Amino acid sequence: TQLLEQSPQFLSIQEGENLTVYCNSSSVFSSLQWYRQEPGEGPVLLVTVVTGGEVKKLKRLTFQFGDARKDSSLHITAAQPGDTGLYLCAGGLGNLIFGKGTKLSVKP
Amino acid sequence: DVKVTQSSRYLVKRTGEKVFLECVQDMDHENMFWYRQDPGLGLRLIYFSYDVKMKEKGDIPEGYSVSREKKERFSLILESASTNQTSMYLCASSLLGGDLYEQYFGPGTRLTVT
């Protein structure tokens, strides 16, 4: 059974700090997606990584796919209160497997 | 932009009532999904559909049924609501085939069963 484990589960930081969250599996994925979910809303797709070793940037967010395509990381530079939310990684073929997420709180 | 809409943002129902949750997508996606999301348990797949009139059970189908009469619409039905079905319900859609399997979610329905 494929599983995606995300860490840390919770993260509370001050505005301006940098942070990294992780998504790990013992299985190989053909692609991984990252979503952000704000309180009371549905998840919104941020990015899909496909190639092992790939790095994608979305403004202050940097996403990396591991060389072996078993793990991914999300790095946020100079976090802002608007980055607050639940960050989910997901992967699979057709039916996605979702990690349980990292709940990020950025305090002004 | 893909748009997925859900019929209600908030719903309060009584135990034993029949509940309909509607989901509509406007991007001609073949695949549609229903999840529930609970604290500590993450997203759990209830049912999915790869085509009109087709449905497949997900990980937690008990107590739920679905209907897909048109490509753009996927309905989740709680035949007799129970308090343990109080949850956030999320609908999603995606394209069939391709390499990315990206899903696009609606805003969710927060259902409370009393």
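Given the structure is predicted, the values throughout are model-derived calculations rather than measurements. Chain identifiers are assigned alphabetically (A, B, ...) following the order of the sequence lines, protein sequences preceding nucleic acid strands; residue numbering begins at 1 within each chain.
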Legend entry - Heavy-atom check, side chain of B:L45 versus side chain of A:F98, under 4.5 Å: no

Inset, instruction - Sort B:R44 into side chain, backbone, both or neither according to what part of it lies under 4.5 angstrom from a heavy atom of chain A. - result: neither

Inset, instruction - Heavy-atom distances under 4.5 Å only: say whether B:Q37 touches chain A with side chain, backbone, both or neither. - result: side chain

Verify same cluster id: [X], [Y] (apolar side-chain graph, 4.5 Å):
X: A:L4; Y: A:V28; result: no
X: A:L46; Y: B:Y104; result: no
X: B:V66; Y: A:L96; result: no
X: B:L43; Y: B:Y64; result: no
X: A:L61; Y: A:L104; result: yes

Legend entry - Most chain B-contacting option - heavy-atom pairs closer than 4.5 Å, from A:I97, A:N95, A:L45: A:N95

Legend entry - Separation of A:K100 NZ from B:L41 CG (nearest 0.5 Å): 6.0 Å

Legend entry - Backbone of B:F105 reached by a side-chain donor or acceptor of A:Y35 within 3.5 Å: no

Inset, instruction - Return each pair, listed once, that meets ring-ring contact (aromatic ring centres under 6.0 Å, His included) where at least one residue sits in residues 37-59 of chain B; pairs must be two or more places apart or across chains. - result: B:F48-B:Y50

Legend entry - For chain A, the option from B:R9, B:E56, B:R110 that forms the most heavy-atom pairs under 4.5 Å: B:R9

Inset, instruction - Would you indicate whether B:E79, at its atom CD, is surrounded by more than 12 heavy atoms from other residues, nucleotides or ligands within a distance under 6.0 Å? - result: yes

Legend entry - Heavy atoms from other residues, nucleotides or ligands near CD of A:E17 exceed 12 (cutoff 6.0 Å): yes

Legend entry - Contacting region of A:L88 [heavy-atom separation from chain B under 4.5 Å]: side chain

Legend entry - Side chain, backbone, both or neither of A:L32 within contact of chain B (heavy atoms, under 4.5 Å): neither

Legend entry - Heavy-atom closest contact (B:M88 atom, A:E41 atom, distance): CE-O, 4.0 Å

Inset, instruction - Looking only at non-hydrogen atoms, find the nearest pair between B:L90 and A:Q37 and report the distance. - result: CD1-NE2, 4.0 Å

Legend entry - Contacts with chain B made by residues 73-84 of chain A (heavy-atom distance under 4.5 Å), listed by residue number: none

